[in-house]
Amino acid sequence: GAVVSQHPSRVICKSGTSVKIECRSLDFQATTMFWYRQFPKQSLMLMATSNEGSKATYEQGVEKDKFLINHASLTLSTLTVTSAHPEDSSFYICSARDEGSRELFFGEGSRLTVL
Amino acid sequence: QKEVEQNSGPLSVPEGAIASLNCTYSDRVSQSFFWYRQYSGKSPELIMSIYSNGDKEDGRFTAQLNKASQYVSLLIRDSQPSDSATYLCAVRNTGFQKLVFGTGTRLLVSP
């Protein structure tokens with residue numbers, strides 16, 4: 001079946017540094033990918049919709065300059081957390097929509113810890 | 001009012017019993033409804049999708065949708081300890097691409 005791969009699965013960084021998370025659709029093309037954030041014991045909150053070849057659409061309250069999204073190809077979207085702070089520590093999950101089946105597939109998630 | 005509401009639980013059921021998980025949504029034009037299972041520290045996995053009123057069965061799982069009441073539920077028959085997880089209800093409006101999640105219901109199945 002379709003697989004969405006996220007990398008890295010875990011990352012620890014110092015406050016003030018930037019971290020890049022990759023989301024790849026392995027066997028289908030994804031014009032649209034979504035980035036979610038999940039804090040402990042809370043639900044998934046949509047951060048932004050990533051569109052191949054165009055700017056991402058951010059949800060209200062999400063800082064576009066802090067969470068940079070690039071969707072340069074039909075199989076890869078990246079999320080860069082710039083100048084990370086401890087409050088950015090969270091579980092970041094991407095999902096990709098298979099344009100053929102219209103199904104949505106989730107990546108394995110990336111746990112970010114900012115010290 | 002939250003867009004998608006679920007009881008956070010935990011819902012505790014004995015092994016072999018039926019677990020009933022409920023979800024309500026606020027947007028009447030919602031068209032697609034999903035149940036995801038999420039184990040601790042893992043990303044969600046799709047259990048069921050349902051698009052029209054009524055019941056949809058898949059193995060031990062039955063999804064029920066009532067658009068008039070803006071209500072969707074998930075029944076798990078013959079619950080197993082391995083079913084213990086958080087179950088997330090998600091709703092999508094056809095006019096928009098995004099999926100809105102509820103806060104999830106934690107299910108505990110005791111042996």
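- When each of B:R106, B:Q6, B:K42, B:E45 is checked for heavy-atom pairs under 4.5 Å with chain A, B:K42 comes out on top.
- Between the side chains of B:N66 and B:Q64, no donor-acceptor pair is found at a separation under 3.5 Å.
- Heavy atoms closer than 4.5 Å to chain A are found nowhere in B:F34, neither backbone nor side chain.
- Contact annotation for A:Q6: neither backbone nor side-chain heavy atoms come within less than 4.5 Å of a heavy atom of chain B.
- Within 6.0 Å of NE2 on A:H85 lie more than 12 heavy atoms contributed by other residues, nucleotides or ligands.
- Counted by atom type alone, B:Q38 and A:Q38 present one or more donor-acceptor pairs between their side chains at under 3.5 Å.
- Listed options B:S49, B:A90, B:G41 were ranked by heavy-atom pairs under 4.5 angstrom with chain A; first place goes to B:G41.
- Both the backbone and the side chain of A:L44 come within contact range of chain B, each with at least one heavy atom under 4.5 Å from a heavy atom of that chain.
- Contact check on A:K20 versus A:E22 returns no salt bridge, with no Lys/Arg side-chain nitrogen under 4.0 Å from an Asp/Glu carboxylate oxygen.
- Each of A:L79, A:T80, A:V81, A:T78 was checked for a side chain to side chain contact (heavy atoms under 4.5 Å, CB included) with A:L68, and the lone residue meeting it is A:T80.
- Chain A forms more heavy-atom pairs under 4.5 Å with one residue of B:V100, B:T86, B:T103, B:L88 than with any other, namely B:T103.
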